[in-house]
Amino acid sequence: MTDADLPAFRAALLDWYAAHGRDLPWRRTRDPYPIWVSEVMLQQTTVAAVVPYWERFLEAFPTVEALAAAPESAVLRLWEGLGYYSRARNLHAAAKAVVERGEWPRSVEGLRDLPGVGRYTAGAVASFAFGLPAPIVEANTLRLYARLLAYRGDPRSSAGQAALWDFAERILPPSPSESGESGSGVDPGLVNQAVMELGGTVCTVKEPRCGECPVSDWCGAFTTGLQSEIPLPKARPKITEVTEATVAVRRADGAVLVRQRDADERWAGLWDFPRFEPPSELTTNVPTLDARQPALPLGDGDTPLLAWLSTAVQEQTGVRCEVGAGLLEIRHGVTRYRIRLLCYGGTRLGGRLRSGATMRWIQPAALTDLPLSKTGRQFATRLADLSWEGDSP
DNA sequence: AATTCGGGGAA
DNA sequence: TTCCCAGAATT
């Protein structure tokens, strides 16, 4: 596509977007705060997954000041289930920075200084909220631009990224200052929304609907029949299988022991039951859930693991306990992991909580207020349902 | 340049 | 199941 084609390209794109663009809630505002929240939530996350989170989040924290003033655990609780929790921690830190600063950075460079804001997110907020001519490249536009350019190399390589970002900048409407005239009158943010929408709904990964594409005349892949060859697919990560074990230690009053995960751990800031990755020889003989339905009776296969867990709990928390109830087995696939999580109940025998770590005895019903991981929430829900009354579990 | 991040949805 | 997702930060 030559520069001479760009006005017609933009016109066809924007006409199509006006007719077919989705009415997404964050497209109804130019306030940088809700736009920024949406962009961070949408990092590596589908629109369908984000919408309900975005609505709840904005209801809880309507302004950047409200977010900055909130406890981090409240932010993480609202993020629970979205994954990639460093996004929530960075969002919170960035809100504090904006409030401290007194105003939003109004440039790509300024926005990029905020934690959790990279090249894409900075360009998105700059163009959507402030109408700046800032380019964007993300999953949808990577695919669209690679096809428009008929880019045969790896679009994720540095050479590929350079080509795509260059194209992303080239298609933006000239600003008044650049053209030295009155400008095109076209909003760069609208062009960016339109290319993402086109990439997301027409220029799809599989079976792109080129017949419905408003810019197929300018598409190098379409005109050469290479739609299904471009872009090169992302390399698939190898799957790692892990077996973990976790213990809900119960005190006499029914409270269970939880700890807040440290800043240098995965799930930093979230709460969790004492959780371990035991030596594999202790878990390989533990019967599977299917092998001992309907209940989870303990057998000889569990015994060495239970003893190991008892020691591990004491080392981690200071609490002495007897581990003695099979409560739940969770199979959880996430990112590149396939996890088998063995969940046991234990009874406190004595000992004091180790100082230095953040730990708490809490009634199972009250766990609803703490941010937990996906599997932690499943276990917590089971504990609350069990009522788990009576003597030693 | 490669890896981590430990979630969900659609097909 | 598999593949992908409005990426960023770290190593």
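Reminder, nothing fancy here: chain letters follow the sequence lines and each chain counts from 1. A quick note: this is a predicted structure, and the numbers were derived from the prediction, not measured.
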Quick test of your reading of the model: are A:E329 and A:R331 salt-bridged, counting only N-O distances below 4.0 Å? yes
Which ones in residues 84-95 of chain A lie close to DNA chain B, meaning a heavy atom under 4.0 Å from one of its atoms? A:Y84, A:Y85
Counting distance only, does the side-chain N/O of A:T317 pair as donor-acceptor with the main-chain N or O of A:L353 below 3.5 Å? no
Between A:R251 and A:D253 (side chain of the first, backbone of the second, donor and acceptor by atom type, cut-off under 3.5 Å), is there such a pair? no
In whole angstrom, what separates A:L76's CG from B:dC5's P? 16 Å
Partner residues of A:R377 under the salt bridge (Lys or Arg N to Asp or Glu O under 4.0 Å) criterion, sequence neighbours left out: A:E80
Step-by-step side-chain contact (heavy atoms from CB on, under 4.5 Å) determination, A:E244 to A:R340: CA-CA 6 Å; A:E244 296 176 354; A:R340 180 188 185 201; over 6 Å; no
For A:D187, all residues meeting salt bridge (Lys or Arg N to Asp or Glu O under 4.0 Å), sequence neighbours excluded: A:R30
Main-chain N/O of A:V256 paired to A:R348 side chain as donor or acceptor, under 3.5 Å: no
In terms of ring plane angle, is the pair A:F57 and A:F61 parallel, tilted or perpendicular, where the classes change at 30° and 60°? perpendicular
For A:A139, answer base if it contacts any base atom (sugar-phosphate contacts may also be present), sugar-phosphate if it contacts only those atoms, and nothing otherwise; contact means non-hydrogen atoms under 4.0 Å. sugar-phosphate
Can you say whether the rings of A:W104 and A:Y33 are parallel (under 30°), tilted (30 to 60°) or perpendicular (over 60°)? tilted
Strictly below 4.0 Å, N to O, side chains only: are A:E265 and A:R259 in salt-bridge contact? yes
Flag, side chain of A:R87 to backbone of A:G83, donor-acceptor distance under 3.5 Å: yes
Rounded P spacing from B:dG8 to C:dA9 in Å: 23 Å
Interatomic distance, A:S373 atom OG to A:Q378 atom CD [nearest 0.5 angstrom]: 8.5 Å
Heavy atoms within less than 4.0 Å of DNA chain C: which residues of residues 30-45 of chain A have one? Give them sorted by number. A:E39, A:L42, A:Q43, A:Q44, A:T45
For DNA chain C, determine which residues of residues 140-166 of chain A have any heavy atom closer than 4.0 angstrom to one of its atoms, and list them numerically. A:N140, A:R143
Looking for any heavy atom pair under 4.0 Å, which part of the strands does A:R338 touch: base, sugar-phosphate only, or nothing? sugar-phosphate
Taking the six-membered ring of A:W271 as reference, does the cationic atom of A:R360 (NZ for Lys, CZ for Arg) lie under 6.0 Å from its centre and within 45° of its axis? yes
First contact, last contact: which nucleotides of DNA chain C are these for chain A, 5' to 3', heavy-atom distance under 4.0 Å? C:dT1 to C:dA9
For A:T29 and A:P34 the tightest heavy-atom approach is CG2-CG, 3.9 Å
Any N/O pairs under 3.5 Å between the protein and nucleotides 9-11 of chain B? List them or say none.
none

Reckon A:W26 touches a base, only the sugar-phosphate, or nothing at all at heavy-atom distances under 4.0 Å? base
Would you please name every residue forming a salt bridge (Lys or Arg N to Asp or Glu O under 4.0 Å) with A:D3, sequence neighbours left out? A:R170
Give one of base, sugar-phosphate or nothing for A:T375, where a contact means two heavy atoms less than 4.0 Å apart. nothing
For residues 227-245 of chain A, which residues have at least one heavy atom under 4.0 Å from DNA chain C? A:R236
Using the P atoms only, state how far B:dG9 lies from C:dA8, rounded to an integer number of Å. 22 Å
Got a salt bridge between A:D272 and A:R275, using NZ or NE/NH1/NH2 to carboxylate O under 4.0 Å? yes
With a non-hydrogen cut-off below 4.0 angstrom, is A:L341 in contact with a base, only sugar-phosphate, or nothing? nothing
With no hydrogens and no angle check, just 3.5 Å: does a side-chain donor-acceptor pair link A:R27 and A:Q193? yes
Mapping A:P115 and A:Y120 to their closest nucleotides on DNA chain C, which lands nearer the 5' end? A:Y120
Which value, in whole Å, describes the distance between the C1' atoms of nucleotides B:dC5 and C:dC4? 16 Å
Does anything in residues 145-158 of chain A form a side-chain hydrogen bond (donor to acceptor under 3.5 Å, both in side chains)? List the pairs, not counting sequence neighbours. none
Are A:W165 and A:Q161 close enough, and set up right, to give a side-chain hydrogen bond (donor to acceptor under 3.5 Å, both in side chains), and what steps lead you there? CA-CA 6 Å; A:W165 280 97; A:Q161 285 289 297; 3.2 Å; yes
Can we say A:E59 and A:R56 salt-bridge, meaning some charged N sits less than 4.0 Å from an Asp/Glu carboxylate O? no
Which of residues 187-198 of chain A sit near DNA chain C, with a heavy atom under 4.0 Å from it? A:Q193, A:M196
Pairing residues for A:R336 by the salt bridge (Lys or Arg N to Asp or Glu O under 4.0 Å) criterion, not counting sequence neighbours: none
